[in-house]
Amino acid sequence: MSTATGPWPAVLGLTLFGAAYMALTGTLILWGRVLAPLDAGQATAWLFLALSVGQAVGTALVDAS
């Protein structure tokens with residue numbers, strides 16, 4: 001079995017992560033508009049806060065393992 005060398009595996013991983021992150025944040029913005037049409041900004045802010053907390057908790061859990 002050969003191992004990947006060079007920067008291309010990292011570039012591919014970063015590209016996939018970036019695309020997924022952009023899709024998720026776009027989905028959160030649209031979901032905020034659906035949840036609270038009259039106050040979409042506040043709904044979106046709460047959803048982004050939840051995303052940030054999830055990232056922090058996920059990082060701590062990965063670091064702990």
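As a basis for the values below, the full set of heavy atoms in this structure was taken, side chains included, without hydrogen atoms, waters or symmetry mates.
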Colleague: Would a hydrophobic clustering, with Ile, Leu, Val, Met, Phe, Trp and Tyr connected at side-chain separations under 4.5 Å, put I29 with L24?
Modeller: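 Yes, one cluster joins them.
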Colleague: Measuring only between side-chain heavy atoms, which start at C-beta, is Y21 closer than 4.5 Å to L51?
Modeller: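 Heavy-atom side-chain distance check passes, below 4.5 Å.
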Colleague: With V62, which residues qualify under side chain to side chain contact (heavy atoms under 4.5 Å, CB included), at least two apart?
Modeller: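 Listed in chain order: nothing, the list is empty.
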Colleague: Please report, to 0.1 Å, the donor-acceptor pairs under 3.5 Å made by any side chain of residues 39-46, with sequence neighbours excluded.
Modeller:
unit_1	atom_1	unit_2	atom_2	d
T44	OG1	A40	O	2.8

Colleague: Quick check: closest heavy atoms across V34 and P37, and the distance to 0.1 Å?
Modeller: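 Residues V34 and P37, closest heavy atoms: O-CD, 3.8 Å.
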Colleague: Report the residues that fulfil side chain to side chain contact (heavy atoms under 4.5 Å, CB included) with L35, sequence neighbours left out, ordered by chain and then residue number.
Modeller: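 L35 satisfies side chain to side chain contact (heavy atoms under 4.5 Å, CB included) with W31, L47 once adjacent residues are dropped.
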Colleague: Would you say F17 and M22 make side-chain contact, with heavy atoms under 4.5 Å?
Modeller: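 Side-chain contact under 4.5 Å: no.
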